[in-house]
Amino acid sequence: MRVAGIDIGNSTTEVCLARLAPSGEVVFEQSALVATTGTKGTIQNLKGIEAVLQEATQAMGIAPTAIDLILLNEAAPVIGDMAMETITQTIITESTMIGHNPNTPSGEGLGRGITIPLESLSQMDPKQSYIVLVASHIGYQEAACKINQKSDQITGAIIQSDEAVLIQNRITNPIPIVDEVKYIDRVPIGMPALVEVACEGATIQTLCNPYGIAQGFGLTPEETKRIIPIAKSLIGNRSAVVVRSPRGEVKEKEIPAGALRINFEDGTSSEVAIDQGSEVIMKALTRSKQVQDIEGTAHSNIGNMIVTMKEAIRQVSQRTDVQIKDALAVDVLVPMSVQGALAGEVSMERAVALAAMVKADALPMQALANALQQQTGITVEVAGVEGVMAALGALTTRGTTFPLAILDLGGGSTDAALLEADGCVAVTHLGGAGHFINMLINTELGLENLPLAEAIKKYPLAKVESLFHIRLETGEVKFFAQPLPPKVFGKVVICKGHELLPVESKHSLEKIVTVRRSAKEKVFLQNALRALREVAKDGVLTNIPNVVLVGGSALDFEIPGMILEHLAPYGIVVGKGEIRGTEGPRNAVATGLVLSKVGKI
Amino acid sequence: MIRPEIIIQVHQGEADVVSEILAGIEEEGVLCQVVEIPDARSVAQLATEGAQMSQLEVGIGVCKKEAFLTVAGLKGDVLFQTQCAYRQLGQNAARYVKGNRFTQMVGGV
C-alpha cells in the first residue's frame with residue numbers, strides 16, 4: 001500500500017511517499033516540498049497539496065493516482081504575526097546641526113564663527129570670525145580664491161558638493177571643511193556656528209560633548225542641558241556642524257508607547273509599560289501561567305499595533321475570536337531619518353518589535369481533507385497531532401532516544417514537543433521565528449527590503465576587495481578568473497551560491513554580521529529556552545536528554561550551533577535532525593505521519 | 001622609486017576634461033600623473049598602456065571629449081567610459097585604488 005504523509009506548515013507544504021506492508025515493513029520512496037498556498041488549515045492549501053503530490057510522483061515516474069492513502073496532519077492551530085513601533089523620535093526644529101559622515105571631509109580641528117554665504121563675503125565685519133557657506137553652483141576654484149582673500153577671518157566652511165579636499169588644497173590657511181551638505185539653503189545665516197572635523201580614523205571630540213558646545217557658544221547651565229540631544233546624536237561622526245539659532249533645537253520626543261495588558265487564564269492580569277523594554281515584558285509573560293489574551297492601551301502606539309495585528313490575523317484566518325496566546329518582544333535600535341535634517345542624517349531610535357501567536361479552537365482540517373478526497377479520489381485521513389508526528393519523524397534521526405524533544409524552528413512560530421516512551425506528549429507553540437528575524441534585520445539595518453533581509457539571514461557575507469577577489473566573513477579569500485561586475489566593487493555582498501548580491505547600505509560587514517547574529521539569538525535562543533522549559537518535566541531543562549531541531553530555520557548555517565552552545569551546559573544533546581538519515585531537518589511531520597500508520601493496515 | 005599613481009594618457013584631450021578628472025582624483029586623495037601622447041591612438045589603448053605603466057594598475061585614456069578608465073587586470077576592457085561625467089570617472093579611478101565602492105556615473109558606462 002502506498003501512502004503519502006502531507007505536512008502543511010506556515011510556509012511550506014511537505015510530502016513523504018512510502019510503501020507500507022501489512023507485516024509492518026516500511027519503504028520510503030520519495031519526498032518533496034513546495035510553498036504553502038494560503039493560510040495553513042484553509043481550503044486554499046489544496047493547490048499546494050496538489051503541487052507537492054505532483055512533484056513527488058513525477059520524480060518517481062508514477063501517476064498521483066498510484067497513491068492509496070493520503071494522511072494529513074492535525075495542524076497546530078497557530079498563526080504568527082509581527083509588528084514594530086518606534087518609541088522615540090528625533091526632530092530638528094529650525095536648523096541647528098549637521099552631523100554626518102561624508103566620504104571625504106577635510107581639515108582638522110574646530111572652527112567657530114558667524115555663518116555667511118560666499119557671495120556676501122564683502123559685507124564681513126572685520127572684527128568677526130566667519131563660517132562660510134558654499135552652494136553647489138560655485139566651483140571649487142572660485143570658492144578657494146574668495147576664501148583666500150579673507151583667510152584670516154574664515155575659520156571653517158560648509159560645502160554643498162563633494163569638494164572639501166579640492167578647496168582645502170587651494171587655500172592658504174587650513175580650516176575644517178564639511179562637505180556633501182545636501183540642504184545647505186536651510187542653514188540659517190548670520191548665526192554663530194561651530195564646525196568640527198576629526199583627523200582620519202578618529203571621531204569628533206568637541207561637538208559631541210555638551211560642555212564642548214557650551215564652551216563654544218558660551219551657554220548657561222540651563223541651555224547646556226537643552227543641547228544634550230544634539231551632542232548625543234553627533235557621537236561617532238567624523239565631521240559635524242552645530243548652528244545656534246534662537247528658536248531652533250533638537251528634540252528627542254518620547255512617543256506615548258502605552259502598555260501591554262496580559263490577561264491570564266486564571267482571571268488575573270498584569271500590565272507592563274512598553275518603554276520598560278523587552279526584558280520586563282518577557283518576564284511578565286513567562287510566569288508559568290497560561291495567557292488568555294494580550295491587549296494594548298487604547299490609542300497608544302502599542303494599542304494600535306496590536307489592533308492592526310489582530311485585524312490582519314482575523315482577515316487571513318476568517319475567525320472572529322482572535323486572542324494572542326504568546327508574544328515575543330525584542331528591543332531594537334532603528335536608524336530613522338531625522339526630521340528637518342540638513343544632510344540626510346539618521347538617528348538611532350529605540351523601538352520594540354513584537355511577534356505574536358494566535359491560537360484558534362481548531363483548524364478546519366477535516367473540511368480540507370474532504371475537499372482533497374473529492375478532488376483526487378484518494379482516501380484522505382486526518383491522522384495525527386503535528387507535534388507528535390514531528391517527534392515520531394524526528395526519532396528516525398540516528399542517536400536519539402526517549403524522552404525526545406523536538407524544536408520546530410519554523411517561519412511563523414517556534415514549536416516544541418516532548419515525547420515520552422509511554423506515548424505521553426507535551427506540546428507548546430510560541431510566537432516569533434524565521435519571518436521575525438527577517439523583520440529585525442530589515443529594520444535594524446534600515447534596508448526597507450525584506451527579500452534582501454532574508455538573504456542576509458540565509459547566506460554568509462563577503463567584502464569585494466578587488467575586481468578579482470573577495471574576502472569572506474570567515475577571513476578567507478576567494479579569487480575569480482573573470483572580473484566581478486563593477487556594481488559590487490568595494491561593497492559587502494551576500495554569497496548566495498555562485499551569485500554575489502550587493503548589500504546597498506553604508507554598514508560595514510562586521511556590523512551586518514553582528515545584527516544578523518543578534519537577531520537570530522534574540523529570537524531563536526530565547527524561544528528555544530522558553531519552549532523547552534514549557535514542555536520539560538517540572539520545567540527543568542536537565543530533564544530533557546535530547547533535542548532534535550527540525551523545520552526550515554534548522555537549516556540555517558549558524559542557528560543550530562547557537563542553540564547547541566547554549567544548551568550544552570545543561571547536558572542536553574541538541575542538533576539538527578537527520579530525518580531518515582537523508583532529509584536533514586526537513587520532512588519530520590510528513591515522515592511521522594507515515595510511521596504512525598506502520599502495522600495498522 | 002616609482003610613485004604609486006594613476007596614469008592619465010592624453011591625446012588631443014580638451015583641457016577641462018583633464019582638469020575635471022584630476023579634480024575627482026584629488027578629492028579622493030590619490031596621486032596621479034598626466035602624460036601627453038602626440039601619436040593618434042584610441043582611448044582604450046591610451047588607458048590600457050597607462051594601466052600597464054601605473055604602479056596602482058589604473059590607467060585613464062583621454063581623447064578629445066572621450067574618457068576611458070581601465071585597470072591592468074581587465075586586459076584592455078572598459079571599467080568606466082564617459083563623455084560627460086569626468087569628475088565621477090576620476091573619483092572612481094581613485095576609489096578603485098582605495099577599494100571603496102564606486103560613485104554613480106551619470107551618463108557613463
Side-chain angles (χ1 to χ4, degrees), chain A residues 101-108 136 138-144 159-171 177 179-180 199-201 462-471 477 479-493 500 502-509, chain B residues 4 6 15-32 47-48 51 54-60 67-82 85-106 108-109:
Chain A
N101 278 327
N103 283 315
T104 49
S106 180
E108 203 184 310
S136 62
I138 303 164
Y140 60 92
Q141 263 143 344
E142 185 190 345
I159 319 278
Q160 191 169 21
S161 43
D162 184 8
E163 295 186 331
V165 179
L166 288 167
I167 293 178
Q168 188 73 260
N169 288 351
R170 282 162 185 74
I171 57 179
I177 305 178
D179 62 353
E180 293 178 72
C199 66
E200 288 93 341
K463 175 88 194 270
V464 180
E465 292 193 330
S466 82
L467 283 178
F468 295 95
H469 83 275
I470 62 174
R471 187 174 294 273
V477 175
F479 281 88
F480 296 85
Q482 294 302 317
L484 297 165
K487 70 169 172 96
V488 300
F489 181 82
K491 291 181 185 169
V492 177
V493 290
L500 299 178
V503 180
E504 302 294 346
S505 76
K506 275 196 168 181
H507 302 296
S508 68
L509 181 137
Chain B
I6 295 168
D16 54 336
V17 174
V18 178
S19 66
E20 275 293 282
I21 293 173
L22 291 178
I25 297 173
E26 184 184 339
E27 177 63 28
E28 297 289 324
V30 176
L31 302 176
C32 60
T48 310
S54 159
Q55 209 211 338
L56 298 174
E57 305 185 342
V58 180
I60 297 173
F68 188 105
L69 164 61
T70 190
V71 298
L74 289 179
K75 301 190 175 71
D77 279 349
V78 65
L79 183 58
F80 290 107
Q81 188 170 14
T82 186
Y86 308 115
R87 179 87 66 101
Q88 285 99 314
L89 184 113
Q91 271 185 316
N92 281 345
R95 288 188 184 195
Y96 174 83
V97 175
K98 296 201 283 186
N100 289 349
R101 59 179 59 193
F102 296 129
T103 180
Q104 194 76 32
M105 296 275 291
V106 183
V109 199

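Throughout, protein chains are lettered first and strands after them, A, B, ... in sequence-line order, and every chain is numbered starting at 1.
- One finds the NZ atom of A:K491 at 12.0 Å from the CG atom of B:N100 (value rounded to the nearest 0.5 Å).
- Chain B forms the most heavy-atom pairs under 4.5 Å with one residue out of A:S106, A:A164, A:P483, and that residue is A:A164.
- Atom NZ of A:K487 is separated from atom CD of B:Q104 by 12.0 Å, given to the nearest 0.5 angstrom.
- Of all heavy-atom pairs between B:E27 and A:V165, the closest is OE1-N, 3.0 Å.
- The distance from the CZ atom of B:R87 to the OG atom of A:S161 is 7.0 Å, given to the nearest 0.5 Å.
- To the nearest 0.5 Å, the span separating CG on A:D162 from CD on B:E28 amounts to 6.5 Å.
- Among B:L69, B:L79, B:N92, the single residue meeting the side chain to side chain contact (heavy atoms under 4.5 Å, CB included) criterion with A:P486 is B:L79.
- What you find for B:A23 and A:Y140 is that their closest heavy atoms are CB-OH, 3.5 Å.
- Environment of NZ in B:K98: crowded, with over 12 heavy atoms of neighbouring residues, nucleotides or ligands closer than 6.0 Å.
- Interface residue A:F468: only side-chain heavy atoms are found under 4.5 Å from chain B.
- The structure places CZ of B:R101 at 6.5 Å from CD of A:E504, a figure rounded to the nearest 0.5 Å.
- One finds the CG atom of A:N103 at 5.0 Å from the CZ atom of B:R95 (value rounded to the nearest 0.5 Å).
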